[in-house]
Student: 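Take a look at the following structure, please.
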Amino acid sequence: MAIRTDDTGFKGYKLLQDTDAFCYGVDAVLLADYSRAEETERVLDLGSGNGAVPIVLMGKFNPASVTGIEVQPAMAELAAKSAELNGLSDRVKFICGDVKDIRNLVEGGSFDVVTCNPPYFESGRGPASSASAAFVARHETTAKLMDFVSAAAYALRRGGRFVLVHRPSRLPDIFDCCRKCGLEPKKLRMVAPKGGESANIVLVSCVKGGGKELKIDPQLSVHTQDGGYTEEIERIYERI
């Protein structure tokens, strides 16, 4: 492991990252932001990796608690160390386990919000990685999209929100899995690298037991034409 300490930019919280494995990017921050977790809510993060989403969630919204589930022991341990580093161990917990074993990991219907940044690529598709931790983070290895969605449906209370970030190309699969599990897509936002370009990220928010009505939010551009961050991204990162 080659560990470095990064400043998330939210409340001074730090994140320990293994530079030989997988480091978080803008999609994790966008996921945390789109969740709009409230201070009274309990949050579950599926596939937590190094704990980026839980730490950013605490910095942006200060929810009552965040529990992260991560299948890789080294990543789960690193995430727990980040929580300890920030004095958050009483409210941010990490469980090393597989989302397919969700019923043995957490109590059903006990969370208000479930966030998920699942592997984007189906098994056998997408670019391979030389680092095994990065490969697991990007590819469906131990668990597939339906496993993450069904785990979210089990963990959520009725009326609770499931928020995930993924690739637009997987939208048909996302909608199919969510509806089969009783999670109704309610909000969607496309994210493009720059204005005028095709989206390469999609944010989806579902409600357990929700009615059929989907709101499409305005598309978000990450970069300006000269390569800097757009004003909205700067606001999301709380720099302005």
Side-chain angles (χ1 to χ4, degrees), residues 26-48 53-54 56-57 60-61 63-69 99-100 102-103 105-123 125 140 143-192 195 197-222 232 236:
V26 67
D27 48 358
V29 177
L30 293 177
L31 172 62
D33 179 73
Y34 206 62
S35 75
R36 289 290 183 254
E38 298 181 4
E39 291 190 353
T40 58
E41 293 184 318
R42 298 185 65 210
V43 183
L44 176 67
D45 183 51
L46 301 177
S48 277
V53 173
V56 173
L57 274 168
K60 285 185 71 68
F61 300 114
S65 67
V66 184
T67 301
I69 295 177
V99 295
K100 290 187 291 187
I102 189 70
R103 284 169 172 74
L105 302 176
V106 300
E107 182 182 352
S110 61
F111 292 90
D112 304 291
V113 182
V114 174
T115 56
C116 185
N117 184 357
Y120 288 158
F121 302 110
E122 293 181 273
S123 179
R125 297 187 181 183
E140 294 178 350
K144 299 185 182 298
L145 177 61
M146 178 55 93
D147 296 318
F148 286 96
V149 175
S150 60
Y154 165 80
L156 278 173
R157 63 169 174 80
R158 185 170 181 82
R161 306 187 305 285
F162 173 49
V163 188
L164 78 161
V165 60
H166 218 298
R167 297 293 193 198
S169 61
R170 297 298 301 277
L171 269 175
D173 297 329
I174 292 168
F175 287 168
D176 182 55
C177 290
C178 287
R179 278 192 159 172
K180 283 179 178 176
C181 293
L183 301 174
E184 185 64 26
K186 300 294 288 184
K187 290 200 311 173
L188 178 153
R189 189 171 201 188
M190 293 289 192
V191 183
E197 295 184 354
S198 297
N200 63 345
I201 294 173
V202 65
L203 297 158
V204 181
S205 180
C206 305
V207 172
K208 184 174 180 178
K212 294 182 179 181
E213 183 180 6
L214 177 64
K215 174 187 175 184
I216 310 296
D217 289 327
Q219 181 165 298
L220 171 63
S221 297
V222 176
E232 187 166 5
I236 289 172

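Just so you know, residue 1 is the first one in the sequence shown, and it goes up from there.
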Student: Step by step, work out the side-chain contact (heavy atoms from CB on, under 4.5 Å) result for Val204 and His166.
Tutor: CA-CA 8 Å; Val204 181; His166 218 298; over 6 Å; no
Student: Determine the minimum heavy-atom distance between Leu214 and Lys187, stating which atoms define it.
Tutor: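 Closest approach of Leu214 to Lys187: CD1-N, 3.6 Å.
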Student: Between Lys186 and Gly211 (side chain of the first, backbone of the second, donor and acceptor by atom type, cut-off under 3.5 Å), is there such a pair?
Tutor: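 Flag set: sc Lys186 to bb Gly211 pair under 3.5 Å.
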Student: Any side-chain heavy-atom pair from Glu41 and Arg36 closer than 4.5 angstrom?
Tutor: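 They are not in contact (no side-chain heavy atoms under 4.5 Å apart), so the answer is no.
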Student: Please answer whether the main-chain N or O of Gly160 pairs with a side-chain N or O of Lys208 as donor and acceptor at a distance below 3.5 Å.
Tutor: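 Absent.
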Student: Keeping the roles fixed (side chain from Arg189, backbone from Pro218), state whether a donor-acceptor pair exists under 3.5 Å.
Tutor: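 Such a contact is found between Arg189 side chain and Pro218 backbone.
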Student: Tell me if a side-chain donor or acceptor on Arg170 pairs with a main-chain N or O of Tyr120 at a distance below 3.5 Å.
Tutor: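 Flag set: sc Arg170 to bb Tyr120 pair under 3.5 Å.
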Student: Grab the two heavy atoms, one from Gly210 and one from Glu184, that are nearest each other, plus how far apart they are.
Tutor: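 Looking at all heavy atoms of both residues, the shortest contact is O-CB, 3.5 Å.
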Student: Do Ser198 and Met190 have side chains that approach each other closer than 4.5 Å (heavy atoms only, starting at C-beta)?
Tutor: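 The answer is no, as the side chains (C-beta and beyond) never meet within the 4.5 Å cut-off.
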Student: What's the separation between atom CG in Asp147 and atom CD1 in Ile102, rounded to the nearest 0.5 Å?
Tutor: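 These two atoms lie 11.0 Å from each other.
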Student: Any chance you could measure Arg157, atom CZ, to Arg42, atom CZ, to the nearest 0.5 Å?
Tutor: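 Arg157 atom CZ to Arg42 atom CZ measures 11.5 Å (nearest 0.5 Å).
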Student: Can you find a pair of side-chain heavy atoms, one from Leu31 and one from Val163, that are under 4.5 Å apart?
Tutor: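 Leu31 reaches Val163 side chain to side chain.
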Student: Looking only at non-hydrogen atoms, find the nearest pair between Ala155 and Val114 and report the distance.
Tutor: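 Heavy atoms of Ala155 and Val114 come nearest at CB-CG2, 4.3 Å.
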Student: Distance check, rounded to the nearest 0.5 Å: Leu145 atom CG versus Ile174 atom CD1?
Tutor: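 With rounding to 0.5 Å, CG (Leu145) is 6.0 Å from CD1 (Ile174).
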Student: Looking at every non-hydrogen atom in both residues, tell me the closest pair between Gln219 and Ala199 and how far apart they are.
Tutor: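 Smallest interatomic distance, heavy atoms only, reads OE1-CB, 4.2 Å.
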Student: Measure the shortest side-chain to side-chain distance between Leu203 and Asp33 over non-hydrogen atoms and say whether it is less than 4.5 angstrom.
Tutor: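 No. Closest side-chain heavy atoms not under 4.5 Å.
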Student: Is there a side-chain contact (heavy atoms from CB on, under 4.5 Å) between Tyr154 and Val106? Walk through the geometry before answering.
Tutor: CA-CA 9 Å; Tyr154 165 80; Val106 300; 4.2 Å; yes
Student: Taking the side chain as every heavy atom from C-beta outward, state whether Phe148 and Cys177 have any pair of such atoms under 4.5 Å apart.
Tutor: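 Side chain of Phe148 against side chain of Cys177, heavy atoms only: no contact under 4.5 Å found.
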Student: Working to the nearest 0.5 angstrom, can you tell me the gap between Leu44 CG and Thr67 OG1?
Tutor: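 Those atoms lie 6.0 Å apart.
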Student: Is Ser221 close to Glu232 at the side-chain level, that is, under 4.5 Å between some pair of heavy atoms?
Tutor: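 Not in contact.
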Student: For residues Ser35 and Phe61, determine if any side-chain heavy atom of one lies less than 4.5 Å from a side-chain heavy atom of the other.
Tutor: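 Side-chain contact under 4.5 Å: yes.
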Student: What pair of heavy atoms forms the shortest contact from Val99 to Ala143, and how long is it?
Tutor: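 Looking at all heavy atoms of both residues, the closest pair is CG2-CB, 3.6 Å.
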Student: Is there a side-chain contact between Val113 and Leu57 in this structure, where contact means two heavy atoms from C-beta onward sitting under 4.5 Å apart?
Tutor: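 Val113 vs Leu57: side chains apart.
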Student: Ignoring hydrogens, what is the shortest heavy-atom contact between Gly68 and Ser48? Give both atom names and the distance.
Tutor: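 For Gly68 and Ser48, the tightest heavy-atom pair comes out as CA-OG, 3.2 Å.
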Student: Is Asp112 paired with Arg161 through a side-chain N to carboxylate O contact shorter than 4.0 Å?
Tutor: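 No salt bridge links Arg161 with Asp112.
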Student: Is the backbone of Ser150 close enough, under 3.5 Å, to the side chain of Lys180 for a donor and an acceptor to pair up by distance?
Tutor: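 Checking the backbone N and O of Ser150 against the side chain of Lys180, no donor-acceptor pair under 3.5 Å is found.
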